[in-house]
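Remarks on the structure that follows.
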Number of protein chains: 2
Amino acid sequence: MLFVDFMLLSSACVYGLRASVYLASVSDDSYVSITKISEELDISRHFLTKVLQKLTDNDIMESMKGPKGGVRLTRPGDEIVLLEIVAAIDGMDILTECALGLPGCGTAKPCPIHDQWADTRDEIRQMLTETTLRNLVDRGKAGNLRLTEEGEFKWA
Amino acid sequence: MLFVDFMLLSSACVYGLRASVYLASVSDDSYVSITKISEELDISRHFLTKVLQKLTDNDIMESMKGPKGGVRLTRPGDEIVLLEIVAAIDGMDILTECALGLPGCGTAKPCPIHDQWADTRDEIRQMLTETTLRNLVDRGKAGNLRLTEEGEFKWA
DNA sequence: CCGTAAAAAGACAAAATACTCCTTAATCTA
DNA sequence: TAGATTAAGGAGTATTTTGTCTTTTTACGG
Ligand code: FES
Ligand code: FES
């Protein structure tokens, strides 16, 4: 995709989220090949492969090799919250680190921005914890929302 | 500083914020040399110079060359909000871009996460808009809070 | 006017992130 | 068992961010 300045989530994380939503939307127990996902979502196949490996390593997805192989979610979409995916790919830094980059937020003496940042951080955490893949799929299907740049994506 | 994973703000932005808070804390109208700031805050002098240039370009600071030169804030600390500094250095991307990296958030057809993200984004914006440099200085002085890694910093 | 101190500007180096390509291992089908 | 298909693994490239270094410009102080 490229040309993205500074965002909340890394590109890898965004790809992981979109792939997870996609898998939750097809929702039968069959494996879907990463090639298929990358084509549907217009993401580099090789890069997506690496990203999804992190999700299989973290037991959010499971994979099978060979013909008819691919990846699938280990649990139904309403049992997977966004925070799990973000944590698996980007780590928890955004929810634990000091806004001024000082080491040991929460344990060491705070910085002047700590109180405000802690509150804001909680809002982010809450959003990522309360939103499930199922929520996004339901909303996406109901409003025929966009999951790719061009919006040519068709919900299952 | 190094080794920072994925954060809300870039390193450059964090340095700019810390330098701004420092300048607001000394608060007389004299210029402070960037060398002095970099030593007080333990930030690379050359890198900080480049960061502060963005702030002078955006009329948040003004500078003077030569002996007795340096930088200072253009306005008192209670008239400068954090958002100005963040916008000058990192841009407004974090407050305008789609959480899933799709182009045209707000104008184009939304993505499934848009509603939640828009709310969270507003919280971030509100925090950055309501907090002034003066707020941080007051809090920092009152609690002798930390502005450097080691916490050896002394408020004026 | 001269020397010095400081920011500005620009070239360069290192590290992290984003992305590509090739090989290997596993699994299915015939 | 052989061939095809697909994920996994690893090496390599490109771009951005971070950081360093050197030179130039501007202002002060004598
Ligand atoms: S110490 Fe800075 S945000 Fe917690
Ligand atoms: S379109 Fe994705 S957050 Fe607005």
**Fill in**
Scoring nucleotides 21-30 of chain D by protein non-hydrogen atoms under 4.0 Å (B base, S sugar-phosphate only, - none) yields BB--BBBB--

**Asked** Between atom CZ in Phe47(A) and atom P in dA14(D), what is the gap in whole Å?
**Response** 16 Å

**Asked** Taking only side-chain nitrogens and oxygens of Ser11(B), does any of them come within less than 4.0 Å of OP1 or OP2 of dT18(D)?
**Response** yes

**Prompt:** Taking CD1 from Ile89(B) and P from dT17(D), how many angstroms apart are they, rounded to a whole number?
**Reply:** 14 Å

**Integer-rounded Å distance: dT17(D) C1' and Asp93(B) CG** = 15 Å

**Message:** List the residues meeting ring pair (Phe, Tyr, Trp, His ring centres under 6.0 Å) with Phe153(A), not counting sequence neighbours, and say none if there are none.
**Reply:** Tyr22(A), Trp155(A)

**Item:** Length of the CG-P vector between Leu9(A) and dA18(C), whole Å
**Value:** 11 Å

**Prompt:** Are the side chain of Asp90(A) and the backbone N or O of Val86(A) linked by a donor-acceptor pair below 3.5 Å?
**Reply:** no

**Asked** For Leu52(A) and Ser44(B), take the nucleotide of DNA chain D holding the closest heavy atom to each; which residue's nucleotide lies nearer the 5' end?
**Response** Leu52(A)

**Request:** Using side-chain hydrogen bond (donor to acceptor under 3.5 Å, both in side chains) as the criterion, list what pairs up with Thr132(B), not counting sequence neighbours.
**Result:** Asn135(B)

**Item:** Test side-chain hydrogen bond (donor to acceptor under 3.5 Å, both in side chains) applied to Lys36(A) - qualifying residues, sequence neighbours left out
**Value:** Glu40(A)

**Asked** Do Val71(A) and Ile37(A) have side chains that get closer than 4.5 Å, going by heavy atoms?
**Response** yes

**Listed nucleotide nearest any side-chain atom of Gln53(A), set dA8(C), dC19(C), dA8(D)** = dA8(D)

**Complete:** note: Leu48(A), atom CG; dA8(D), atom C1'; distance rounded to Å ~ 14 Å

**Message:** Tell me the interatomic distance from Tyr15(A), atom OH, to dC19(C), atom C1', rounded to whole angstroms.
**Reply:** 8 Å

**Request:** Would you mind listing every side-chain hydrogen bond (donor to acceptor under 3.5 Å, both in side chains) that reaches into residues 62-82 of chain A, with sequence neighbours excluded?
**Result:** Tyr31(A)-Arg72(A), Glu62(A)-Arg72(A), Arg75(A)-Glu84(A)

**Message:** Without decimals, in angstroms, what is the distance between Lys54(A) NZ and dA7(D) C1'?
**Reply:** 17 Å

**Message:** Does dA8(C) have OP1 or OP2 under 4.0 Å away from a side-chain N or O of Thr49(B)?
**Reply:** no

Contacts table for residues 112-119 of chain A: side-chain donor-acceptor under 3.5 angstrom, sequence neighbours left out:
| from | atom 1 | to | atom 2 | distance (Å) |
| --- | --- | --- | --- | --- |
| Gln116(A) | OE1 | Arg139(B) | NH1 | 3.2 |
| Gln116(A) | NE2 | Thr131(B) | OG1 | 3.3 |
| Trp117(A) | NE1 | Glu97(A) | O | 3.0 |

**Item:** Residue pairs, two or more places apart or on separate chains, that pass ring-ring contact (aromatic ring centres under 6.0 Å, His included) and touch residues 123-150 of chain A
**Value:** none

**Request:** For Glu123(B), enumerate each residue passing the salt bridge (Lys or Arg N to Asp or Glu O under 4.0 Å) test, keeping only those at least two apart in sequence or located in another chain.
**Result:** none

**Request:** Could you identify which residues of residues 30-40 of chain B place a heavy atom less than 4.0 Å from some atom of DNA chain D, listed by residue number, or say none?
**Result:** none

**Value in whole Å for how far the C1' atom of dA8(C) lies from CE of Met61(B)** = 16 Å

